[in-house]
Amino acid sequence: CIRLKPSPTMFDAKPQWRTLRTVWRMQSASALLIPIIVVWVMGDWDGVLQAAAIPLFTLAMASLFVTLWRFRRYKLALIQAEALGNDEGARAAWSVLHREQMFGLLAAEAPGFIGVIHFFCTGEWIPLLLLVLVSLGAMALYRPPAAWVQ
(Lines give C-alpha, C1' and ligand atoms only; values in the text may rest on other atoms or scores of the structure.)
Protein backbone atom coordinates (compact mmCIF):
# COMPACT_ATOMS: atom_id res chain seq x y z
CA CYS A 1 0.00 0.00 0.00
CA ILE A 2 1.50 3.27 -1.11
CA ARG A 3 0.71 6.19 1.10
CA LEU A 4 0.90 9.61 -0.47
CA LYS A 5 1.82 12.58 1.61
CA PRO A 6 -0.37 15.61 1.09
CA SER A 7 1.32 18.31 -0.89
CA PRO A 8 2.14 21.56 0.91
CA THR A 9 -0.50 23.37 -1.13
CA MET A 10 -3.23 20.89 -0.24
CA PHE A 11 -5.49 21.81 2.65
CA ASP A 12 -6.98 19.18 4.97
CA ALA A 13 -10.37 20.12 6.38
CA LYS A 14 -10.66 17.26 8.91
CA PRO A 15 -8.79 19.01 11.72
CA GLN A 16 -10.89 22.10 11.10
CA TRP A 17 -14.12 20.13 11.57
CA ARG A 18 -12.75 18.59 14.75
CA THR A 19 -11.82 22.01 16.08
CA LEU A 20 -15.30 23.34 15.37
CA ARG A 21 -16.74 20.37 17.25
CA THR A 22 -14.36 20.80 20.21
CA VAL A 23 -15.08 24.52 20.51
CA TRP A 24 -18.82 23.81 20.45
CA ARG A 25 -18.48 21.19 23.20
CA MET A 26 -16.36 23.43 25.43
CA GLN A 27 -18.67 26.43 25.05
CA SER A 28 -21.74 24.26 25.71
CA ALA A 29 -20.13 22.85 28.84
CA SER A 30 -19.29 26.32 30.11
CA ALA A 31 -22.81 27.58 29.40
CA LEU A 32 -24.19 24.69 31.45
CA LEU A 33 -21.64 24.46 34.25
CA ILE A 34 -21.24 28.14 35.16
CA PRO A 35 -24.91 28.61 36.18
CA ILE A 36 -24.87 25.27 38.05
CA ILE A 37 -21.78 26.32 39.99
CA VAL A 38 -23.26 29.75 40.73
CA VAL A 39 -26.48 28.25 42.10
CA TRP A 40 -24.54 25.68 44.11
CA VAL A 41 -22.17 28.27 45.61
CA MET A 42 -24.87 30.85 46.34
CA GLY A 43 -27.26 28.29 47.82
CA ASP A 44 -30.47 29.77 49.15
CA TRP A 45 -30.08 33.34 47.90
CA ASP A 46 -32.69 35.99 48.68
CA GLY A 47 -31.67 38.40 45.94
CA VAL A 48 -30.92 42.07 46.17
CA LEU A 49 -33.14 43.71 43.55
CA GLN A 50 -36.52 42.06 43.00
CA ALA A 51 -37.70 44.87 40.71
CA ALA A 52 -35.19 43.80 38.04
CA ALA A 53 -36.77 40.37 37.52
CA ILE A 54 -39.04 41.11 34.55
CA PRO A 55 -36.69 43.53 32.71
CA LEU A 56 -33.74 41.12 32.98
CA PHE A 57 -35.78 38.14 31.78
CA THR A 58 -37.10 40.21 28.87
CA LEU A 59 -33.58 41.36 28.00
CA ALA A 60 -32.33 37.77 28.07
CA MET A 61 -35.07 36.60 25.73
CA ALA A 62 -34.50 39.57 23.42
CA SER A 63 -30.81 38.69 23.19
CA LEU A 64 -31.83 35.67 21.12
CA PHE A 65 -32.34 37.99 18.15
CA VAL A 66 -28.59 38.67 18.16
CA THR A 67 -28.06 34.91 17.98
CA LEU A 68 -30.26 34.64 14.91
CA TRP A 69 -28.37 37.45 13.20
CA ARG A 70 -25.05 35.77 14.01
CA PHE A 71 -26.34 32.40 12.80
CA ARG A 72 -26.99 33.79 9.33
CA ARG A 73 -23.35 34.92 9.14
CA TYR A 74 -22.15 31.55 10.46
CA LYS A 75 -24.20 29.64 7.90
CA LEU A 76 -22.82 31.75 5.02
CA ALA A 77 -19.25 31.17 6.27
CA LEU A 78 -19.96 27.43 6.57
CA ILE A 79 -21.24 27.25 3.00
CA GLN A 80 -18.22 29.17 1.72
CA ALA A 81 -15.67 27.01 3.60
CA GLU A 82 -17.34 23.80 2.48
CA ALA A 83 -17.51 24.97 -1.15
CA LEU A 84 -13.76 25.64 -1.28
CA GLY A 85 -12.98 22.08 -0.15
CA ASN A 86 -9.22 21.49 -0.11
CA ASP A 87 -8.19 24.50 -2.18
CA GLU A 88 -5.52 26.87 -0.96
CA GLY A 89 -8.09 29.65 -0.46
CA ALA A 90 -9.87 27.46 2.08
CA ARG A 91 -7.55 28.57 4.91
CA ALA A 92 -9.03 32.06 4.96
CA ALA A 93 -12.57 30.70 4.70
CA TRP A 94 -11.98 28.36 7.65
CA SER A 95 -10.56 31.21 9.67
CA VAL A 96 -13.72 33.21 9.04
CA LEU A 97 -15.85 30.17 9.91
CA HIS A 98 -14.07 29.66 13.24
CA ARG A 99 -14.50 33.32 14.11
CA GLU A 100 -18.19 33.32 13.19
CA GLN A 101 -18.79 30.16 15.22
CA MET A 102 -17.12 31.66 18.29
CA PHE A 103 -19.06 34.93 18.07
CA GLY A 104 -22.27 33.01 17.44
CA LEU A 105 -21.71 30.77 20.43
CA LEU A 106 -20.99 33.76 22.64
CA ALA A 107 -24.20 35.40 21.46
CA ALA A 108 -26.10 32.15 22.10
CA GLU A 109 -24.70 32.01 25.65
CA ALA A 110 -26.00 35.50 26.43
CA PRO A 111 -29.47 34.44 27.71
CA GLY A 112 -27.91 32.01 30.18
CA PHE A 113 -25.41 34.54 31.46
CA ILE A 114 -28.10 37.20 31.78
CA GLY A 115 -29.99 34.52 33.69
CA VAL A 116 -27.08 34.35 36.14
CA ILE A 117 -27.40 38.11 36.69
CA HIS A 118 -31.14 37.57 37.11
CA PHE A 119 -30.39 34.96 39.78
CA PHE A 120 -28.16 37.40 41.66
CA CYS A 121 -30.93 40.00 41.60
CA THR A 122 -33.89 37.78 42.49
CA GLY A 123 -32.62 34.49 43.87
CA GLU A 124 -35.02 32.57 41.59
CA TRP A 125 -33.54 29.52 39.92
CA ILE A 126 -36.45 28.57 37.63
CA PRO A 127 -35.95 31.53 35.24
CA LEU A 128 -32.23 30.74 35.29
CA LEU A 129 -32.98 27.16 34.29
CA LEU A 130 -35.25 28.29 31.46
CA LEU A 131 -32.68 30.77 30.16
CA VAL A 132 -29.88 28.19 30.28
CA LEU A 133 -32.05 25.77 28.30
CA VAL A 134 -32.79 28.52 25.76
CA SER A 135 -29.05 29.17 25.47
CA LEU A 136 -28.26 25.50 24.92
CA GLY A 137 -30.99 25.30 22.29
CA ALA A 138 -29.55 28.30 20.46
CA MET A 139 -26.06 26.83 20.75
CA ALA A 140 -27.27 23.68 19.02
CA LEU A 141 -27.50 25.75 15.83
CA TYR A 142 -23.71 26.06 15.79
CA ARG A 143 -22.98 22.36 16.23
CA PRO A 144 -21.17 20.89 13.23
CA PRO A 145 -22.73 17.62 12.04
CA ALA A 146 -20.90 14.48 13.17
CA ALA A 147 -20.78 13.10 9.63
CA TRP A 148 -18.45 15.91 8.56
CA VAL A 149 -16.06 15.44 11.47
CA GLN A 150 -15.07 11.85 10.63
Side-chain angles (χ1 to χ4, degrees), residues 11-150:
F11 181 77
D12 187 18
K14 267 188 189 178
Q16 303 297 326
W17 286 114
R18 287 188 190 115
T19 303
L20 283 175
R21 186 86 164 176
T22 302
V23 167
W24 179 81
R25 285 179 181 157
M26 290 180 3
Q27 290 293 325
S28 296
S30 71
L32 184 61
L33 291 177
I34 289 173
I36 289 172
I37 291 170
V38 166
V39 170
W40 181 67
V41 168
M42 298 301 287
D44 194 18
W45 178 257
D46 289 334
V48 293
L49 187 62
Q50 295 292 331
I54 300 296
L56 279 174
F57 190 81
T58 306
L59 176 67
M61 293 304 289
S63 69
L64 284 175
F65 290 112
V66 176
T67 302
L68 295 176
W69 175 71
R70 296 298 316 181
F71 179 70
R72 184 181 63 80
R73 294 179 57 134
Y74 168 76
K75 197 64 169 174
L76 291 175
L78 180 65
I79 291 168
Q80 183 179 9
E82 193 176 17
L84 289 175
N86 294 335
D87 292 341
E88 185 58 35
R91 290 185 198 278
W94 278 100
S95 176
V96 169
L97 179 60
H98 285 291
R99 185 181 70 233
E100 292 300 331
Q101 184 200 34
M102 182 57 74
F103 285 146
L105 287 171
L106 290 175
E109 288 176 348
F113 290 142
I114 295 172
V116 171
I117 296 169
H118 183 277
F119 179 76
F120 279 128
C121 291
T122 63
E124 299 171 351
W125 62 271
I126 292 177
L128 174 62
L129 176 68
L130 292 173
L131 292 171
V132 167
L133 290 175
V134 164
S135 288
L136 291 174
M139 291 176 77
L141 294 172
Y142 297 96
R143 181 178 179 222
W148 292 342
V149 177
Q150 300 171 356

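Keep in mind that this is a model prediction, so the values were computed, not measured. We're numbering straight along the sequence, starting at 1.
Side chain of S28 to main chain of R25: no donor-acceptor pair is present (N/O by atom type, distance under 3.5 Å, no hydrogens or angles). A donor-acceptor pair under 3.5 Å is formed between the side chain of W24 and the backbone N or O of M139. Listed for the H98 side chain is no donor-acceptor partner under 3.5 Å among the backbone atoms of L20. A distance-only check finds a donor-acceptor pair linking the side chain of R21 to the backbone of P144 [under 3.5 Å]. S135 places a side-chain N or O within 3.5 Å of a backbone atom of A108 that can act as its donor or acceptor partner.
Using a 4.5 Å heavy-atom threshold, the side chains of Q27 and S30 count as touching. Side-chain atoms of Y142 and T67, non-hydrogen and from C-beta on, do get closer than 4.5 Å to each other. M26 places a side-chain heavy atom less than 4.5 Å from the side chain of T22. At least one side-chain heavy atom of L131 sits under 4.5 Å from a side-chain heavy atom of F57. Taking the side chain as every heavy atom from C-beta outward, P127 and T122 never approach each other to under 4.5 Å. Within the 4.5 Å cutoff, the side chain of W94 has heavy atoms near those of the L97 side chain.
Closest of all the heavy-atom pairs between L56 and I114 is O-CG2, 3.5 Å. Scanning all heavy atoms of the two residues, the minimum distance from P35 to L32 falls at CD-O, 3.5 Å. Between V96 and A77, the shortest heavy-atom distance links the atoms CG1-CB, 4.0 Å. Of all heavy-atom pairs between V132 and A31, the closest is CG1-O, 3.9 Å. Between A107 and V66, the closest heavy-atom pair is CB-CG1, 4.0 Å. Closest approach of F119 and V38 over heavy atoms only: CD2-CG1, 4.1 Å.
For the atom pair CG of L106 and CD of Q101, the computed distance is 10.0 Å after rounding to the nearest 0.5 Å. Once rounded to the nearest 0.5 Å, the distance linking CZ of F71 with CG of L105 reads 11.0 Å. The CD atom of E100 lies 9.5 Å from the CZ atom of R72; values are rounded to the nearest 0.5 Å. Distance CG/L59 to NE2/H118: 11.0 Å, rounded to 0.5 Å. We find the CG-CG distance between L133 and L128 to be 9.5 Å, quoted to the nearest 0.5 Å.
Heavy atoms of other residues, nucleotides or ligands lying less than 6.0 angstrom from CZ of F103 number 12 at most. Remark: L68 CG is packed, more than 12 non-hydrogen atoms of other residues, nucleotides or ligands lying under 6.0 Å away.
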